[in-house]
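Note that ligands are numbered from 1 as they come in the structure, with each ligand's atoms numbered from 1 the same way.
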Amino acid sequence: MNEIAVKCDGLVKTFEDTGALRRLNLLVRKGEIMALIGPSGCGKTTLLRLITGVIPPDSGSISIGGDLVAGPGLVVPPEMRRVGMVFQNYALFPHLSVAANVAYGLQGPGRDDDVRAMLQLVRLSEHANRMPNELSGGEQQRVALARALGPQPDVLLLDEPFSNLDSEQRVQVRNEVRAILRMSGTTAIFVTHYQEEALFMGDRVAVQSQGKIEQVGTPDDVFGNPATRFVAAFMGETDFLPGEVQPEGVKTEIGMLQTNNEVRIGTHVDVAVRADDVHITPDPSSNAIVLTREFRGMVNVYRVRLPSGRFVHSLQRHTMQIAPATPVRVVMDPGHPLTCFPGTTP
Ligand code: ATP
């Protein structure tokens, strides 16, 4: 499991004056699903294009399955790399049947058996003779997956593969895709904009920002122990509360908070606080005020103004309804130590 399938070392790619990748490093282990997440424009698609080989890096190197495919003086063309690709628009051949789409790119005497095996893997055997326009979006994505997996690539790249699906289909299809990748033991790099999707799909999650990987870790680690302020803010709706480190914890305006960072006493820090860490109860004597309630179905997310004028968010079950302008007592109840970062406010 610790064998390396993809190694990106110091990748740099600049378009005119835009630095899309700035010495990016990433290791993907054989058989794992790496979820790659980051804000729009941080270079996710550029990274995938470099791995497929459609564009070369300015500098740095890429190895796939132990073979160097891009490096100083070397660019192996895409067709010579064992890289599969699944796109958000499926990119199926509309005039070919499901089976013919899957057969595309397969060769040799075992081709029909391979097509049958792939269709079985994605549970579409009974639709082998249908045309793509006779399938649902989720089914089309499974055909695309079968076609990409057929040649047994060393790594499969999935670029926002569920973007064209509605939210209900999305949940079902991502479950199916994850199970298929697992069953086939495929190494995959899965790009998404959605935090929840990255945490669900990835064996590990890589958070990218401004052309670099900020943190790689298990979903629990990246969410629970963000390495940088950017990761804390990007993964989860995070507020930052300033405080001073004291022997008993970090003193903030909503009380003493425990953190998992070793920080010198007297240091000013910002504690990362998530909405589910913050509990509120109506209290007429409090100077904290509910500003808005965002109803999300199962939960309400309240925006609360603290006496200092700073804001925190509080996640409450949907049955707990508090009207805007209600004074509330704010209590931190995280049940785990919080993460803090060097303070940006005195
Ligand atoms: P999104 O999530 O919106 O798809 P992304 O993280 O995939 O974004 P990229 O598409 O890799 O980001 O783009 C990274 C940066 O490089 C952006 O600033 C983009 O405008 C720029 N860029 C990408 N391709 C080109 C190109 N062919 N020519 C010029 N600039 C480009």
Side-chain angles (χ1 to χ4, degrees), residues 6-28 33-62 64 69-71 75-78 81 83-91 137 141 144-145 148 153 155-167 170 173-174 177 187-202 204-217 219 222-223 226-238:
V6 180
K7 181 177 184 202
C8 299
D9 211 354
L11 287 181
V12 174
K13 185 71 191 176
T14 305
F15 296 106
E16 289 150 23
D17 54 352
T18 307
L21 299 182
R22 305 164 193 231
R23 299 191 64 78
L24 179 142
N25 300 316
L26 182 66
L27 289 179
V28 182
I33 303 173
M34 176 68 81
L36 181 64
I37 186 167
S40 185
C42 72
K44 304 180 293 296
T45 301
T46 302
L47 175 59
L48 295 196
R49 293 173 73 206
L50 257 59
I51 295 172
T52 57
V54 290
I55 51 171
D58 298 340
S59 59
S61 65
I62 305 173
I64 298 173
V69 295
V75 180
V76 174
R81 300 184 185 191
V83 177
M85 186 84 202
V86 173
F87 301 92
Q88 53 181 258
N89 60 2
Y90 320 134
Q141 193 52 289
L145 191 57
V155 59
L156 182 70
L157 310 179
L158 302 102
D159 194 359
E160 306 255 5
F162 311 136
S163 312
N164 288 348
L165 302 174
D166 63 43
S167 57
R170 223 182 153 99
V173 176
R174 76 182 187 198
V177 168
T187 306
I189 303 178
F190 172 93
V191 168
T192 179
H193 267 104
Y194 294 97
Q195 182 204 127
E196 192 194 316
E197 210 155 84
L199 295 174
F200 170 78
M201 288 293 295
R204 290 193 300 156
V205 175
V207 185
Q208 188 169 336
S209 164
Q210 298 186 351
K212 283 186 175 173
I213 302 295
E214 290 256 335
Q215 184 173 5
V216 182
V222 168
F223 190 80
T228 65
R229 198 182 175 98
F230 170 83
V231 175
F234 191 71
M235 301 300 285
E237 297 163 66
T238 306

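Here the heavy atom of the protein found nearest to atom 9 (P) of ligand 1 is T46 OG1, 3.6 Å. Distance from atom 2 (O) of ligand 1 to its nearest protein heavy atom, with residue and atom name: K44 NZ, 2.8 Å. The protein heavy-atom contact nearest to atom 16 (O) of ligand 1 is A20 CB, 3.5 Å. Atom 23 (C) of ligand 1 has F15 CE1, 3.5 Å as its closest protein atom, hydrogens excluded (heavy atom only).
Ligand 1 places these atoms under 4.0 Å from at least one heavy atom of H193: 2 (O). For ligand 1, the atoms lying closer than 4.0 Å to a non-hydrogen atom of G43 are 5 (P), 6 (O), 9 (P), 11 (O), 12 (O), 14 (C).
An N or O contact shorter than 3.5 Å is missing between T18 and ligand 1 by distance. Considering backbone and side-chain atoms alike, E16 places every N or O at 3.5 Å or more from each N or O of ligand 1.
No side-chain heavy atom of V155 sits less than 4.5 Å from a side-chain heavy atom of V28. In this structure, the side chains of E197 and I37 stay at 4.5 Å or more apart for every pair of heavy atoms. Counting heavy atoms from C-beta on, the side chains of L47 and C8 come closer than 4.5 Å.
Proximity of T45 to ligand 1, defined as any heavy-atom pair under 4.0 Å, is shared by backbone and side chain alike.
Under a cut-off of 6.0 angstrom, the local environment of OH in Y194 is sparse, with at most 12 non-hydrogen atoms contributed by other residues, nucleotides or ligands.
Scanning both residues, G236 and F223, for their nearest heavy atoms gives CA-CE1, 4.0 Å. The nearest pair of heavy atoms linking T46 to K13 is CG2-CG, 3.9 Å.
K212 contributes no side-chain N or O that, together with a main-chain N or O of N25, makes up a donor-acceptor pair within less than 3.5 Å. With hydrogens and angles ignored, the 3.5 Å screen pairs no side-chain donor or acceptor of Q215 with any backbone N or O of T228.
Less than 4.0 angstrom separates atom 20 (O) of ligand 1 from none of the non-hydrogen atoms of the protein.
If you check each of C42, S163, S209, S40 against atom 1 (P) of ligand 1, the one with the closest non-hydrogen atom is S40. With G211, G41, G38, P39 as candidates, the residue nearest to atom 5 (P) of ligand 1 on a non-hydrogen basis is G41.
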